[in-house]
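Have a look at the structure below before the remarks.
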Number of protein chains: 2
Amino acid sequence: MKLMKSNITMKDIANKLGVSSVTVSKALNDKEGVSDSLKVTIKKVAGEMGYRFNSAAKSIKDGLSYNIGVMIPQRFTGMNDSFYLRVYQEIAIHLDHYGYFGILNILSSEDEEQLNFPRVYSENKVDGIIILGQISKKYIETVQNMDLPKLFLDFYDEHAAIDSIVTDNFYGAYELTNYLIQSGHRDIAYVGNIYSTSSIQDRFLGYYKSLLEHGLAFEDRLLLNDRDERGYYIDIELPEKMPTAFVCNCDQVAYNLCEFLNASGYKVPEDCSVVGFDNDLYATLTSPPLTTVEVDIEQMARTAVKSIMDKVSNPNRRNGRVLVQGKIIYRDSVRTLEADQVKINNKHK
Amino acid sequence: MKLMKSNITMKDIANKLGVSSVTVSKALNDKEGVSDSLKVTIKKVAGEMGYRFNSAAKSIKDGLSYNIGVMIPQRFTGMNDSFYLRVYQEIAIHLDHYGYFGILNILSSEDEEQLNFPRVYSENKVDGIIILGQISKKYIETVQNMDLPKLFLDFYDEHAAIDSIVTDNFYGAYELTNYLIQSGHRDIAYVGNIYSTSSIQDRFLGYYKSLLEHGLAFEDRLLLNDRDERGYYIDIELPEKMPTAFVCNCDQVAYNLCEFLNASGYKVPEDCSVVGFDNDLYATLTSPPLTTVEVDIEQMARTAVKSIMDKVSNPNRRNGRVLVQGKIIYRDSVRTLEADQVKINNKHK
DNA sequence: CTGAAAGCGCTTACAG
DNA sequence: CTGAAAGCGCTTACAG
């Protein structure tokens, strides 16, 4: 079925002007081989005739679609405050600078389980694909089999030799924990299921490194679970002996924790300090607002787009694992403990 | 520059099997004119060879890109909780059912002012375009000049003969106000800049109709502004005589109002009732949570996709202005006033 | 059931 | 500086 659109082609412009379509093509693309005056005329007439470039014709010639696929696993799509959608939005904006477009591809749980290639791939709709958000081990293999530049964003996999861009979760949590220790805290818990995602795990390790460096012992009671294997939040169980501070793997969990602490009669930061990660909406909804680490979405998107575009022009290009630094946002959810208060806390043992 | 990808084409499959590419095309597309056995063989070999369909070649033939553009004005992109991004996400999911993809197009303020066509249009990248979020009057004209099926989503314009899909703001606010009146409220304010967007205005009119129907007089003091001309929130000024209830144009403003009321010593709902609109994150962040109207995002996206796909196959198709019903979510921010309390309130006059 | 021919709109050598 | 020819990968008549 042919659409009844009155599509103007280069040939139409050429006919009107009594030149060839080759000349029109050169003029419109600012290429060598047309006199300046003819070029001007052609552009003018093209505008008058409402000419629109047919990118499909170009695509078929050079084998490029001028689209980049952004794949987000379905399970990340339910949230109200969607971090990934905002990342996608920034990606779309940056792709525009390269003359590219972004095609959003929600990876259904079904396709992920059945290891189906995404349609953007099997229909050749994209020149590269950014996988935004952790996918299953099995599906990583499927992605590896795709003959296309690809990039993991916001997660990585040790075994897959696929370039990735992640927030420096490790360093961010390390700095944040250092800050708590400098503020006099010695008994610090970490909240998060460390087997759930690499982000949560790496943030834990940054926390752990800080403990190690300061000669503080880590105990199992200091690791508090926040979600089940499927990623659904569960009630947080406080340890018998209360820590003086909590490092939460994300702001939403920090928010949940604050609510729970308040309900249990603990005040933040008087009774215990809480820090988050992400600096999303939740960080400003607690009272007091949360000290947290801001993920630099714009920088992540910019880096991701640059990296994938590099790979499109040079498929052998490897960038490895690139870290994007976060930034601590200091607010009021951390209390500075006086030396004697630290002692009192220790006596409780 | 030609990409060094080992692209398998139908011709390759045909050569391998000693048939013509026409036959391969028919087999792969399940068309008439190939024996079943040959069809099976072709599909099998195509799979083995890792054949991927070249959609650009198809596009150039039938003049369809199999993409739909979704344009969101830049000024709506700053928010943390992005309603429009979630709508876009649902649109992408529904487009998939039609074999289509969604291309996100952030309309920069610059392009909006200079009345530039979006690149998705001038490069023929889409078969239709959904404009998600109010654009300027001037830019509406630009959109009208685009020779492409188009659709306004979440707003409409009286003068533009462009189909639109909007939440039934009028009816939602009407029902909500009815509910307040049934709960004994007689002095009800509306919070929102009614010249800012058609949504805010229509919600106001629903509120107004409810007042009219119940013989309640509207007074200017009952209309409270919440944002300036550029859409930035301003401090809300309470009227001298406090109303018993507030109908807010959206949940975020309701949330802001609740914070302000609490800070000013008023308790919700004991001292005054508050209702919102949208049922977004903010509706559950107040305490108590807000009674509000839920916008049916999934239904809006489904309707929008169906409508634009209709127009793609039949450019003359007109659907007019389609309303998508919302749904009241009853929570605890509304107090039922006893008859005598209403009287007491009236005595204050 | 099978395939040769033509064409979609553009661009890339290459010849003049 | 200008353009005829060929080709990108597919599909649509049409002929056998």
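Proteins get letters first, then strands, A, B, ... in listed order; numbering begins at 1 in each.
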Value in whole Å for how far the C1' atom of C:dT11 lies from CG of A:Leu64:
14 Å
Rounded off to whole Å, could you give me the NZ-to-C1' distance for the A:Lys61 and C:dT12 pair?
5 Å
Run the ring pair (Phe, Tyr, Trp, His ring centres under 6.0 Å) test against A:Phe53 and tell me which residues pass, sequence neighbours left out.
none
Do any pairs count as a salt bridge (charged side-chain N to carboxylate O under 4.0 Å, His left out) and have a residue in residues 91-108 of chain B, sequence neighbours left out, and if so which ones?
A:Arg119-B:Asp96
From CG of B:Asn15 across to C1' of D:dG9 the rounded distance in Å is 13 Å
Between atom CE in B:Met10 and atom P in C:dG3, what is the gap in whole Å?
14 Å
Find the distance B:Ile60:CD1 to D:dT12:C1' and express it as a whole number of Å.
15 Å
Between CG of A:Leu17 and C1' of D:dC1 the distance, given in whole Å, is 15 Å
Would you kindly give the CG-to-P distance between A:Asn124 and D:dC8, to the nearest whole Å?
16 Å
Atom-to-atom span, CG of B:Asp62 to C1' of C:dG7 - whole angstrom
13 Å
Whichever of B:Ala57 and B:Gly18 has the more 5' nearest nucleotide on DNA chain C, that residue is B:Gly18
By side-chain hydrogen bond (donor to acceptor under 3.5 Å, both in side chains) - contacts of B:Gln325 (at least two apart):
none
Partners meeting salt bridge (charged side-chain N to carboxylate O under 4.0 Å, His left out) with B:Glu90 (sequence neighbours left out):
none
Kindly write out the residues that satisfy salt bridge (charged side-chain N to carboxylate O under 4.0 Å, His left out) with A:Arg321, not counting sequence neighbours, or none if the list is empty.
none
Only counting residues at least two apart or in another chain, list the ones meeting ring pair (Phe, Tyr, Trp, His ring centres under 6.0 Å) with A:Tyr51.
none
Interface with DNA chain D, restricted to residues 19-43 of chain A and to heavy atoms under 4.0 Å
A:Val19, A:Ser20, A:Val22, A:Thr23, A:Lys26, A:Gly33, A:Val34, A:Ser35, A:Leu38
Could you name each residue pair satisfying ring pair (Phe, Tyr, Trp, His ring centres under 6.0 Å) that touches residues 93-115 of chain A, not counting sequence neighbours?
A:Tyr66-A:Tyr100, A:His94-A:His97
Look at the rings of A:Phe76 and A:Tyr84 and say which category their plane angle falls in: under 30° parallel, 30 to 60° tilted, over 60° perpendicular.
perpendicular
Test side-chain contact (heavy atoms from CB on, under 4.5 Å) applied to B:Ile140 and B:Ile135, B:Asn145, B:Ile131, the passing residue
B:Ile135
Counting only side-chain nitrogens and oxygens, does A:Tyr51 get under 4.0 Å of the OP1 or OP2 atom of C:dG9?
no
Each stem that DNA chain D is part of, given as range with range (3 or more consecutive Watson-Crick or G-U pairs, under 3.5 Å):
C:1-3 with D:14-16, C:5-12 with D:5-12, C:14-16 with D:1-3
